[in-house]
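Below: the structure, in structure tokens.
It should be emphasised that the depicted structure is a prediction, and the values quoted were computed from it without experimental measurement. Each chain gets a letter, A, B and so on, in the order its sequence line appears, and its residues count up from 1.
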Amino acid sequence: MPSLDNKTIAGLLEETAVYMRLAGVNDFKAIAFDRAARTIETLENSIEPLITEKKLTDIKGIGKSIAQDLYAYAETGAIPVLEELKEQVPESLVAWLNISGLGPKKIYKIHKALGISTIEELQEKCADGSVAKLSGMGAKSAEKILKSIEWMQQFSERCRLDEATEIAQRFYDDLKSVKGVQEISIAGSLRRSAETIGDIDILIAAEKADTAAIFETFLAHESVLEVLGQGDTKASVRTKEGRQVDVRIVGQKEFPAALMYFTGSKEHNVVMRQRARDQKLTLNEYGLFHMDGAGNTDFERPVETGSEADIYKELGLSFVPPELREDRGEFAFFEKHKLDDANLPEVSDIRGVLHAHSTWSDGKYSIREMAEACMAKGFEYLGLTDHSRTAAYAGGLTIERVKKQWEEIDALNSEFANNGKNFRIFKGIESDMLPDGSLDYPDDILAGFDFVIASLHASLDMAPEKMLERYLRAIENPYTRIVGHPTARLLLKRDGSKVDLNKMIEAAAAHNTAIEINASPWRLDIDWRYGQKAKKEGLMTAICPDAHDIEGIDDTAYGVAIARKGWFSKDRILNTMSAAELQQWFDNR
DNA sequence: GCCGTTTTCGGCCCGACTGTTTTCAGTCG
């Protein structure tokens, strides 16, 4: 029986779409498969019963044909149309899509004309001039392909949110003060706080007369390794870190529409444009316009909009914060509600640090140093969670050391109280979740902690069903108050465990156990894509920096961004509570 | 391939840039 989980099915449909594009079939077919994949990926419940009961066409976006494909897959373990495509299109061509400048059409043309299918062959044929001879290609195309392959091998395609933030900030700071810059904003996936970033987009409002000087500053920036392209309104560079940075300049009047446009997401924009069409308007990066008789944009008749919020308003929506622009429920919500109704957190709403390590295990600073750093940053409490005894590699605490640590925490708390400091350290532990789902200490020790975070650190590649059992057992344990980084993924490095997060969320919500948002930019786990499910189940979370040093405490900001992206309202975030309220919640098992 | 208070056929978001052309296709976001 093939695996029928949502992710696997969505992956297969996506793969089919990729092969369709490479095979040159009608692009709308491929789009239909992509849409279906996205829909299934976003479902809050398992798709399996819909397959076994043959009710797939109940889902909007899945018609007879795709339904039949998936019924066949459930029976045979293969999608017939995908298998056929694979006979036509060599698998190794898929990797070519990562080469910038090469799309499905050119890839197929080169493959057919020269009978090659590997990247190495492509490099050869570019170098010996064969590619340049093909119609529609030329010497520049071949050169660009070679260059792009070189970049691809040298640099990774995406980077973490913290890396992108740092690079973007550099350009932003320098460009902000250039003469003629009227407005400037980061756009793209970085503005949406995606967990990994491909290109960095910066948008500027300026008069036409000033654009040349602004581009000059941009292209001459010390971080620039190579200029990739430059036009009247747009320029692209590659930085020494291998990141592509695009700067676009528009007129000040166009800035709001352009900002919306370049913030995306693509999926969000598609719906926005459709909404405009429904009102006989058209939306592009220059603004919202009426249409002429032929249904084309009438640039002479704009709808006046002075901000992104105005554009949303014209299209029947309240302002949608950038983090939520993913076409994952924001349209239904903001048609009826205002931003305040979402009750999303700001960094300033976070009152305490939960999940941090000290020198007692693998942290860099003592408990006192961590506590004082928290105080200096304006927090009211620290939930200290060193590693448990099984995590010997990280200096996990034996029972004896646990007891000693408690003494130290008690002493520090008394000292703070005696000095009139309104600050408290909670005794916590990041307990390894053992392979059978039990925690790492006997009950009498577990009872001595204020709270326990149960985390996965070893035996990550268990079968999904076994892993779910392991989690369920840990969630049912009355001492577990928070589940740590639920998939244990490391972004761009290691996939997390394949556990069914929808089921985990249901169980955690039912047992009043929180699942953390691990705010380390390496993790950002639980994934924001499960936000709607979490909201529906009333799941609690905590924004946890998992700090191993003082700087790590500031990762809280990334966690707040992900919490917003995942629709977590303040009342479902433990560390928006006061210390007293939190104590009560910990005790209410 | 999917969808339908304009439609069961004919649409499906839109513009900039590039490189190849000499009016446009392909790619990108």
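In this structure, CE of A/M291 is placed 13 Å from P of B/dC13, rounded to the nearest angstrom. Note: CG (A/L190) to C1' (B/dG29) measures 15 Å, nearest angstrom.
B/dC12 and B/dT8 have their C1' atoms separated by 16 Å, given to the nearest Å. Comparing the C1' positions of B/dC3 and B/dT7 gives a spacing of 10 Å, expressed to the nearest Å.
Using a 4.0 Å heavy-atom criterion, one finds that A/K133 contacts no nucleic acid atom at all. Among the protein residues, A/L97 comes within range of no part of the nucleic acid, since none of its heavy atoms lies under 4.0 Å from any strand. Looking at heavy-atom distances under 4.0 Å, A/F33 makes contact with sugar-phosphate atoms alone, never a base. The residue A/M272 sits apart from the nucleic acid: no heavy atom pair falls under 4.0 Å. Within the nucleic acid shown, A/K105 comes within 4.0 Å of sugar-phosphate atoms alone, with no base atom in reach, counting heavy atoms only. Among the protein residues, A/T233 comes within range of the sugar-phosphate backbone only, with heavy atoms under 4.0 Å from sugar or phosphate atoms but none that close to a base. The residue A/K29 sits close to a base: some heavy atom pair falls under 4.0 Å. Among the atoms of the strands shown, only primed sugar atoms or phosphate atoms (P, OP1, OP2) are found under 4.0 Å from some heavy atom of A/L102. A/A139 comes within 4.0 angstrom of the backbone, heavy atoms only, and of no base.
Note on A/R277: every side-chain N or O is 4.0 Å or more away from OP1 and OP2 of B/dG11. Proximity of A/N269 to the phosphate of B/dC13: no side-chain N or O atom is located under 4.0 Å from OP1 or OP2. Taking side-chain N and O atoms only, A/Y286 has a distance below 4.0 Å to OP1 or OP2 of B/dA16. Between A/S100 and the phosphate of B/dC28, there is no side-chain N or O to OP1/OP2 separation shorter than 4.0 Å.
Between A/H337 and A/F333, the ring-plane angle classifies as parallel under the 30° and 60° cut-offs.
A donor-acceptor distance shorter than 3.5 angstrom exists from the side chain of A/N269 to the backbone of A/Y261, with no hydrogens or angles considered. Using a distance-only test at 3.5 Å, with no hydrogens or angles considered, a donor-acceptor pair links the side chain of A/R192 to the main chain of A/T263.
Taking 4.0 Å as the cut-off between side-chain N and carboxylate O, A/E267 and A/R325 do not count as a salt-bridged pair.
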### Query
For A/D173 and A/Q169, what are the C-alpha separation, side-chain angles and deciding distance, and is it a side-chain hydrogen bond (donor to acceptor under 3.5 Å, both in side chains)?
CA-CA 6 Å; A/D173 289 344; A/Q169 198 64 44; 3.2 Å; yes
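Aromatic stacking of A/F28 on B/dC12: satisfied, with centres closer than 5.5 Å and planes within an angle under 30 degrees.
For B/dG26, the paired base is B/dC17 (Watson-Crick or G-U wobble, both distances below 3.5 Å).
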